[in-house]
Structure formats: C-alpha cells, structure tokens
Amino acid sequence: MTRLSVEMLAADAPEPITSAGHAQLGIAVLAGIAVIVLLITKFKLHAFLALTIGSLALGAIAGAPLDKVLLSFSAGLGTTVAGVGVLIALGAILGKMLADSGGADQIVDTILEKAGGRSMPWAMVLIASVIGLPLFFEVGIVLLIPVVLMVAKRGNYSLMRIGIPALAGLSVMHGLVPPHPGPLVAIDAVGADLGVTLALGVLVAVPTVIIAGPVFSKYAARWVDVPAPDNMIPQRASEDLEKRPGFGATLFTVLLPVILMLAKALVDIVVDDPENPVQRVFDVVGAPMIALLASVLVGIFTLLRPAGFSKERVSPLVEKSLMPIAGILLIVGAGGGFKQTLIDTGVGQMVLEISENWSIPALLLAWLIAVAIRLATGSATVATVSAAGLVAPLAADMSTTHAALLVLAIGAGSLFFSHVNDAGFWMVKEYFGLTVGQNIKTWSVMETIISVVAGGFVLLLSLVI
C-alpha cells in the first residue's frame, strides 16, 4: 500500500474519538487485550464480559470519553449481530436438524461402508468436512467422537490414525469456511465478499486438511499409540430412530447453502452487471441468509419428515437449537463492539500507518496478530474478531480477492497451537483419554500445522491472484 493511498484513507476516515498518539494507543491496545486475556484465563470470566470490560479499558486508557466509548461498543455490537446473528442462528438450526434426524449418521455410515484399510483416514476427513460445514466445532466433535472411537475399536486402527483426520476436517472448516461464526465475523469486519471468501476458503482448506489430517496422522500415531477408550463411546443420535433420511437428500441439504453462495460468486464474475436480471436473481438466492434459510426449509422435508418428525416437533427442535448459541452470539457481538472501539479510538488507522512503514505484508500481519491473541486467550473466535478489528482498515485499498485472503489469513492464525486455555483442548483430551503431553503432541501440533499451512497457502495465492 502506497503512502498516497494511506493519506487518502486517512482523509476519508471518520474522526477518532480520541487524539492520543501512537504510543498511547499502542499501550491502550496492549492493556485492553491484556485485560481480556487475564479475565478469560486467570479469572475464568465469560468471553462476552471480558470483551466488554476490555473495550471499556481500551477506550479509557486511550483517553476517549467513556460515553463515546459506550456508543462505539454498542454500535459495533449491534452491527455485528445484525450482520451475522441470523446466519449463526440458521446454521445452528440446520445443524440440529442434521443431528436429530440421523442425517449426520447416515452420511457417516454410507461413507464408511465404502471405505476400508488405508482409505479410512481419508474417509474420516471427508466425513468431518461434510459434517463440519453447517455445525459448530464443539457440536461436530460430539457427533463424530462416537464414530471415531467405534471405527478405531472395530477396525483395530490406531486412535490417532482415525481421530486426527476427523479433527483436522472439523477444525479447518471452523477456521476457514463460512458460515462458521469466525469467518463470518471477519468477512463482516473487513467488508469482504462472502462468495469469493467461501471459494478461496475451500481452495485453501483442501490441501491444508490433507497435510494436517491423513499425512500428519501417520506421525501422530507413532508418537502416541493409544487404544480407543471403551468408556467414552456415547450413544449416537439415530439409535433411537426407526428410520433415517437418505444419503443423497441429506448431502444435498448440507451442501445447498454452499452451492447457492458459490453460484452467486460465479455469476458475479461471469456477468458482472448489477442491472442484469440473472445477476440480480442470484444476488438474492445466493445471499447467505437466503441460502441458509432455503437449506433449513428444504431440511424439513428432506431430513425431518423422512425421520418421522411430525410438524408439531419442528418448533421445539428449532427452540432447542437456538438456546446453546446465545453465548456464541454474545461473544461475537462483544467482539464486534471491541472491533468498533479499536476503529473509533484510531487504533485501526494507527495499524494502517505502522504497517506501511514496517513493510510487512498485510496478510502476514493479520496472521501474526491472530496467532498472538489465540495463544493468549485460547479462543479462535476471540482471536478472529479481535484481529479483524485491528486490521480491518488494511482492506480498504484491497481487491475483492485480497480482502477475502485477509479473512482467511486471520482464520488461519486463529487456529495456531491450541493449548491449556482452549476448551477444545480439554474436549479432545478427555474424549480420547490422553494425557496433557500426548494431547500437545497430537492435537496441538495438528492445529499448528493447519495454521501454518493455511497461512502459507494464503500468502502463495496472494502472489498469483
């Protein structure tokens, strides 16, 4: 980015709510993030409260009037929830329908029937990637753990040889591919195109999941050779159902939002005329909310009805699917508030100016910031929303593809080295019956490989597109 473009952006940017210099703003950022980290890790405070308090601390130390800080935080929270809240809710409903109807089990069982021997790790990657598209990471783990443990037990496979590919598929989807909350928030923060980000995210995800999944699992199985624990095999959702939806219908329902969003991106590239009726139609049907809503409505007939769900059971299912995401919505919203506070206090402009002087590629800077926050807080979502707020001004002078790559760089950095301050670390440890050391050798290293490999592919793509 040239100095001229920085000056032009500065002229167009809104007046910051503080006149603090770079040194004071830098201290304010570090203090704000330190407050968030301490409250989450030391005092075990919920991330929503930690982000709220951290935003107030940031504004106060930057010298901004607290009433204006409150307005910035509230505006950012409202804008973020308005932008991604409905998408997260629709994704949760689709995921619940997939799980409770037995559709997820149908996909798993069908793929496993066709796989065996050396192809089993690849089958686990495929299962996790498909299941992981509409599901939050924690829900995906709960759904896939019974499958991983049963396959390892019955097929006499190494637990790591089967488990690592499944975890890699879930984690890559979570960090890089919308409609997961992290990528959605980053897309909203930097103003990236969702369809282009989705297409590039899938392009980066494929080689990343291969390297971090089936390839790395060979070494993980040698480092940690443990059997599947008998006492950790929970009941599968479809064991209580008399019938399940078909494989083809289930797969179509899961992939429908992706198909519609990618179709919109393709039409935008090929037609490139906002007044063209074809493009206007695809702009509507390929909009994330419409694409997910269509999938949910289709799922009523392709997932719930074939599983024997009466229309009276649909509303309670939707209610149950929405309750667990309240915390996620609040965290995402507070992250948006923190982002807006960063921007309104002038921190975003400061990062823009400093990055121009440092000559660090914007994508690498975004990755490094996300890595630092991930290591400190343990939360991929907190890392994503915080990093997106810091580097959002860098996207103002970027092309559509590079803005999408900025989102992916943030997502890749947010997955770096999961350790003891990450809830996912403990979920994997307990389900697989590992020690802390064994979990670091396998799960933590796998997350680091995903982060580094995905970040590397993002940088390579930035050189050619």
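For reference, positions follow the sequence shown, starting with 1. These numbers come from a predicted model, not from an experiment.
- Taking CZ from F338 and CD1 from I331, the interatomic distance works out to 14.5 Å, rounded to the nearest 0.5 Å.
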Next item on the list: Tell me, with the steps shown, if W367 and I410 meet side chain to side chain contact (heavy atoms under 4.5 Å, CB included).
Entry: CA-CA 5 Å; W367 185 84; I410 294 168; over 6 Å; no

Margin query: I'd like to know whether L39 forms a side chain to side chain contact (heavy atoms under 4.5 Å, CB included) with I36, so could you lay out the CA-CA distance, the side-chain angles of the two residues, the decisive distance to 0.1 Å, and finally the verdict.
Written below: CA-CA 5 Å; L39 291 176; I36 294 170; over 6 Å; no

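- Taken from CZ in F73 to CG in L77, the straight-line distance is 5.0 Å, to the nearest 0.5 Å.
- Of the charged side-chain nitrogens involved, none lies within less than 4.0 Å of a carboxylate oxygen, so that K96 and E319 do not count as a salt-bridged pair.
- In terms of modelled atom types and a separation under 3.5 Å, the side chain of S119 and the main chain of A115 share no donor-acceptor contact.
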Next item on the list: Report the C-alpha distance between F282 and D268 in whole Å, list the side-chain angles of each, state the deciding distance to 0.1 Å, and finish with yes or no for side chain to side chain contact (heavy atoms under 4.5 Å, CB included).
Entry: CA-CA 8 Å; F282 275 90; D268 286 347; 5.9 Å; no

Note to self: Between W443 and T448, is the side chain to side chain contact (heavy atoms under 4.5 Å, CB included) condition met? List the steps.
What the structure shows: CA-CA 9 Å; W443 161 255; T448 305; over 6 Å; no

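- A side-chain donor from one of R161 and S217 sits under 3.5 Å from a side-chain acceptor of the other.
- When only modelled atom types and interatomic distance are considered, T302 and T253 share a side-chain donor-acceptor pair under 3.5 Å.
- Sparse packing is recorded around NZ of K68, with 12 or fewer heavy atoms of other residues, nucleotides or ligands lying under 6.0 Å away.
- Interatomic distance, T250 OG1 to F247 CZ, rounded to the nearest 0.5 Å: 8.5 Å.
- Two rings, from F216 and W223, have their centers less than 6.0 Å apart.
- Formation of a donor-acceptor pair under 3.5 Å by the H174 side chain with backbone atoms of L415 is not found in this model.
- Taking both residues in full, the closest heavy atoms of D188 and T80 are given as OD2-CA, 4.0 Å, listed atom of the first, atom of the second, then distance.
- Between the side chain of S171 and the backbone N or O of L167 there is no donor-acceptor pair closer than 3.5 Å.
- Residues Q340 and T79 bring no donor and acceptor atom of their side chains to less than 3.5 Å of each other.
- Expressed to the nearest 0.5 Å, how far CD1 of I61 lies from CD1 of I27 amounts to 9.0 Å.
- How far CG of L176 is from CG of L198: 11.0 Å, rounded to the nearest 0.5 Å.
- Side chains of M160 and F432 form a contact here, defined as non-hydrogen atoms less than 4.5 Å apart.
- With L406 as the partner, the side-chain contact (heavy atoms from CB on, under 4.5 Å) test is satisfied by one option alone out of T401, V190, L365: V190.
- Side chain of Q24 to main chain of A62: a donor-acceptor pair is present (N/O by atom type, distance under 3.5 Å, no hydrogens or angles).
- By the 4.5 Å heavy-atom criterion applied to side chains, L408 and L405 are counted as neighbours.
- Here the CG-OG distance, from L375 to S418, works out to 10.0 Å after rounding to the nearest 0.5 Å.
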